[in-house]
Amino acid sequence: MLIAANQSYWLDRETGRLRIPIRGTEGIQLYLPLSEWHRSLLTDSTWSLGTLTVVPGKIIVLVRKASPPIHEPMSLIALDTNEDSMDGVACSPGETKLVAAPLGGVRLVQATHFRRRRRLASKKAHDWRVRRRLLAFEGRRERNRVRQRLHLVSRRLIQVAEEHEAAIVLEDLRIPRLAGYSRRTNRRRNMWPFREIHRQIEYKAALAGVPIIKVNPAWTSKTCPVCGARRRDRVGKVFVCLMCDWEMDRQINAGMNILKTALASNEALARAVRFQPGALRHDVVIPLYDLLREGGGAREEPSGVESRPSTRVT
Ligand SMILES: [Zn+2]
């Protein structure tokens with residue numbers, strides 16, 4: 001591995017020509033294959049270049065940018081993170097809507113790859129070296145596909161938040177949701193894609209000046225947002241309150257509680273948006289964006305072809 005500080009290499013931001021001096025006048029020169037995305041960063045002078053790292057198969061160039069000031073939110077989008085979508089409420093002074101942000105088929109991709117890995121493992125059971133290599137390859141491919149889809153989702157979500165001058169409220173995934181969950185559910189909820197979608201939302205929000213509020217996820221899916229009663233037993237697809245007559249889709253219900261928690265610590269915003277969950281009883285859930293209609297559907301790789309470039313600028 002070779003690491004070069006930003007003064008000790010030279011990169012032409014137009015052409016991708018990279019020169020790393022080694023000793024005296026000796027050096028390595030190569031062209032980095034630049035994608036549209038790489039170019040968009042490199043030609044934007046607000047991004048400055050940082051450390052360069054060379055590892056087998058990859059060249060990593062750190063780029064950095066001063067984050068803009070965070071906007072004062074006028075509204076809130078509170079979302080509970082689930083396997084197929086993020087669900088909850090968008091709440092602004094004039095209007096509150098039940099919303100869902102679909103995750104672009106991530107679960108399907110994962111299920112397909114899981115089956116493929118299992119088949120591979122049994123087919124190559126006799127040769128652990130081949131098996132290990134193929135499984136690692138499959139794993140990387142799955143990760144790339146999932147990541148690709150999540151980038152679309154996080155980008156759209158940040159756009160929507162910007163349009164509505166909204167803060168985004170999410171569960172703090174670092175706090176384990178032990179209350180009332182089975183071990184299996186907790187394990188699933190700590191899965192990589194949940195953390196990855198939050199990671200992407202957070203860094204894109206920071207770049208766009210969109211505020212992010214993280215709340216403690218304890219009891220969010222087991223509390224009635226109307227009367228505050230808690231259920232200590234299992235909650236099915238629909239949350240039904242035992243104390244009042246409230247009924248709501250479990251995931252949307254969790255999103256409502258996430259919003260309530262955020263408002264509890266922000267009085268000014270709570271007064272402005274005046275969130276009344278009871279009034280939303282019969283509302284339909286509106287998608288926050290439409291990934292397919294916007295032509296932004298995640299592109300499928302041709303099967304069996306690795307489309308990753310050998311060099312990556314991150
Ligand atoms: Zn209730």
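Order of appearance sets the numbers: ligands from 1, and atoms from 1 within every ligand.
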**Prompt:** Leaving waters out, which protein N, O or S atoms fall under 2.8 Å from the Zn ion (ligand 1)?
**Reply:** Cys224 SG, Cys227 SG, Cys241 SG, Cys244 SG
**Prompt:** If you measure only the distance, is there a donor-acceptor pair under 3.5 Å linking the side chains of Thr81 and His198?
**Reply:** yes
**Prompt:** Cationic tip of Arg64 within the cone over Trp47's six-membered ring, i.e. under 6.0 Å and within 45° of the normal?
**Reply:** no
**Asked** Closest approach of Thr43 and Arg13, non-hydrogen atoms and distance?
**Response** CG2-O, 4.4 Å
Contacts under 3.5 angstrom, residues 127-137 side chains, donor-acceptor by atom type, not counting sequence neighbours:
residue, atom, partner, partner atom, Å
Asp127, OD1, Arg129, N, 3.2
Asp127, OD1, Val130, N, 3.4

**Prompt:** Charged N to carboxylate O below 4.0 Å: is that the case for Arg23 and Glu26?
**Reply:** yes
**Prompt:** In terms of side-chain geometry, is the basic nitrogen of Asp249 or Lys237 positioned less than 4.0 Å from the acidic oxygen of its partner?
**Reply:** yes
